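Predicted model only: the values in this text are computed from it and were never measured. So that the names make sense, note that chain A is the first sequence line, chain B the second, and so on, each numbered from 1.
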Number of protein chains: 2
Amino acid sequence: MNWTVDQLQAFVTAAHLGSFSSAARQLNKAQSRVSSAIANLEIDLGIELFDRTPRYPVLTELGAQMLPEAEFVLAQCQRFDSRAQFAAKHDVISLRITMDEALPIETTSTIFTLFGQKFPHVNLVITSGSRDDVANAVAKKRADIGLMLSSTVLPMDVEFESLGYFKKILIFGMSHPLAKFETVSRTQLQGHRQLVLCNRSGEGREDAFSPNHWYIDSYYVICDLAVQNQGWAMVPEHIADSNWFAKHIHVRSCDQMFSGTMLEVGVVKRNGHSMGHIEKWFIEQLKDLIAK
Amino acid sequence: MNWTVDQLQAFVTAAHLGSFSSAARQLNKAQSRVSSAIANLEIDLGIELFDRTPRYPVLTELGAQMLPEAEFVLAQCQRFDSRAQFAAKHDVISLRITMDEALPIETTSTIFTLFGQKFPHVNLVITSGSRDDVANAVAKKRADIGLMLSSTVLPMDVEFESLGYFKKILIFGMSHPLAKFETVSRTQLQGHRQLVLCNRSGEGREDAFSPNHWYIDSYYVICDLAVQNQGWAMVPEHIADSNWFAKHIHVRSCDQMFSGTMLEVGVVKRNGHSMGHIEKWFIEQLKDLIAK
DNA sequence: TGTTACTATCCGAATTTCGGATAGATGAAG
DNA sequence: CTTCATCTATCCGAAATTCGGATAGTAACA
């Protein structure tokens, strides 16, 4: 393997333009260079790429078969190079994002699309998990930034920055005793079981309002149980509205009932981890989207 | 983009071995070459790949992120090269095979598996179609060799070479009038509709035995119609035995009844197209498999 | 037949590549 | 603490290669 990328370049452009001379002009090289570059490539590969008997060189059968291969290799080389140039400028080549599975996918997926357009050379690693997983992944350096709903307990070495709020709403199943009332009072709620979010470890609970309550570590499980009339709950609006649950639960406004009806959402990052402008861009986009 | 494949090679092996010197030994180069190769690569990419302050150089964060990229590019270069070496030797880099859809898939798929093991550098293009499609694809240079059941009419510029024979058997539907007989005579058959294969254009028919007959261009359609008791037919054994039809049709031996109970199978290739030894290998394998 | 545009080849200057030698540095061993 | 082995960066001169220009031969075209 003695050929160079330049030789591949000469081969590919000559094949496209159909002439060594024009290839030389396009590549800003002397014509003799393109000629000898291709000749040397042919020697090295052991393949005659062009038939030179006609006026303009024409690809041989094997040459035509090797052309797409060469184009592919060349493209990979260029991708490698531009990625390196990018990394040299921005000091980053991949960004690992982890997010709470309770976040609305519509929101985040549009961000990733934007991200891919704006930073085509950056690898994204997207993981998701429960709220604990998110904070831990950031703390343990398995992720660069995390996206999660606010939690009262956080690992020591990460910090939380608020981005905005999601509205929480009151839900219960179709056959739940409260379903027959148009409005419900605080007292009525206290008479039934509340489904409250907690961490995976069972700690870091939200405040339970009803003395009768279950602690559950996932909003999705909570909604599932609500569908089966096992209790009422306060959950983020987008989860109750999702296709899985929307038709099987009752929704009641409860603005006047609780103060903490808003759920804080924010990013977690390692303490002292200074963010590059890619990370900043990402967080700005998130703020915009959540504000809507 | 000014770096060379050699520099990538030096980077990758040095990263793996953890030392420039050992990389130089493995690559049969002077140590100074590896050192300067990597230094030049770093300059060209604008990235510091190794941290040289410790005893042994250790990858920087960016260097670690670029390593798999470099490995990938290198692997593509080597693949390109070995494929070229192969093509130089065998004059082929891809083989386009087209086959009659009536051929037993079990047979051919094992051949393709073998082929992939024996010639990992050859691209396979596999298409299938009716018997006309096969011959035409070869004639029109859309395929290199075709695999089909014998046909009385072939395009001018292709030739047929016999590989072996498939047994044909007599079939009819479960409720067909002939189903109640253990054996059937030629006269009985002539009293019922025969389903006969023809070309897509309606020409190139097999000989119809019964004066009452339909011409159909696919054995699968023929079997379908037989299942629905629309007539009797002579079809290749493997088609009648296939999962689709086996339980819905009656099979009768008919060796003593017809002389042409064998169906010739063979390859078609362009006139004068001299086969490389890859094509020969392929055809040999086919002969072996069909003989079984 | 002359003109134009193409390719292969030759050539000398300029550049790069190559391995060896050297010097400084580091970690292990005594 | 000293010695030693081994590492890396750098320098060096010879050798090889690369580079663009010049030239010659050739095919298409008017």
Side-chain angles (χ1 to χ4, degrees), chain A residues 1-64 66-67 70 74 77 81, chain B residues 1-64 66-67 70 74 77 81:
Chain A
M1 191 167 72
N2 231 340
W3 43 267
T4 70
V5 182
D6 283 344
Q7 290 173 351
L8 283 192
Q9 182 77 265
F11 168 42
V12 170
T13 60
H16 276 124
L17 299 179
S19 134
F20 292 3
S21 300
S22 54
R25 284 189 291 271
Q26 177 162 324
L27 296 174
N28 287 318
K29 315 243 176 195
Q31 174 263 327
S32 62
R33 271 189 54 49
V34 172
S35 177
S36 55
I38 292 177
N40 287 333
L41 181 62
E42 285 177 319
I43 291 171
D44 202 80
L45 298 182
I47 292 179
E48 190 186 37
L49 299 172
F50 288 96
D51 177 13
R52 272 97 158 173
T53 49
R55 174 106 170 95
Y56 285 75
V58 50
L59 282 171
T60 61
E61 198 166 323
L62 271 184
M66 292 304 289
L67 178 59
L74 203 56
C77 289
D81 194 72
Chain B
M1 190 168 74
N2 232 340
W3 43 268
T4 69
V5 182
D6 282 345
Q7 289 173 351
L8 284 193
Q9 181 76 265
F11 168 41
V12 170
T13 59
H16 276 124
L17 298 179
S19 135
F20 293 3
S21 300
S22 53
R25 284 189 290 272
Q26 176 160 325
L27 297 174
N28 287 317
K29 316 243 177 198
Q31 174 263 329
S32 62
R33 272 187 52 50
V34 172
S35 176
S36 55
I38 291 177
N40 288 332
L41 182 62
E42 285 177 318
I43 291 171
D44 202 80
L45 299 181
I47 293 178
E48 190 187 37
L49 298 172
F50 288 96
D51 176 14
R52 272 98 159 170
T53 48
R55 174 105 170 96
Y56 285 76
V58 52
L59 281 171
T60 62
E61 198 165 325
L62 271 185
M66 292 304 289
L67 177 60
L74 203 55
C77 289
D81 194 72

**Message:** What is the distance, to the nearest angstrom, from the CG atom on Leu41(A) to the P atom on dA8(C)?
**Reply:** 13 Å
**Item:** Protein-nucleotide distance (Leu27(B), atom CG; dT17(C), atom P), rounded to Å
**Value:** 16 Å
**Asked** For the residue pair Ile47(B) and Met66(B), what are the closest heavy atoms and their distance?
**Response** CD1-CG, 4.0 Å
**Item:** Distance in Å, Leu74(A) CG paired with Gln7(A) CD, rounded so as to fall on 0.5 Å steps
**Value:** 12.0 Å
**Message:** Working to the nearest 0.5 angstrom, can you tell me the gap between Ile43(B) CD1 and Ile38(B) CD1?
**Reply:** 12.5 Å
**Fill in**
Taken to the nearest whole Å, CD/Glu48(A) to C1'/dA8(C) is 14 Å
**Request:** If a protein heavy atom is under 4.0 Å from the base, mark B; if only from the sugar-phosphate, S; if neither, -; do that for nucleotides 1-22 of chain D going 5' to 3'.
**Result:** ----BBSBBB--------SBB-
Could you pull out every donor-acceptor pair under 3.5 Å between side chains of residues 24-33 of chain B and any protein atom, sequence neighbours left out?
none

**Gly63(B) to Phe11(B) - nearest heavy-atom pair and separation** = O-CZ, 3.8 Å
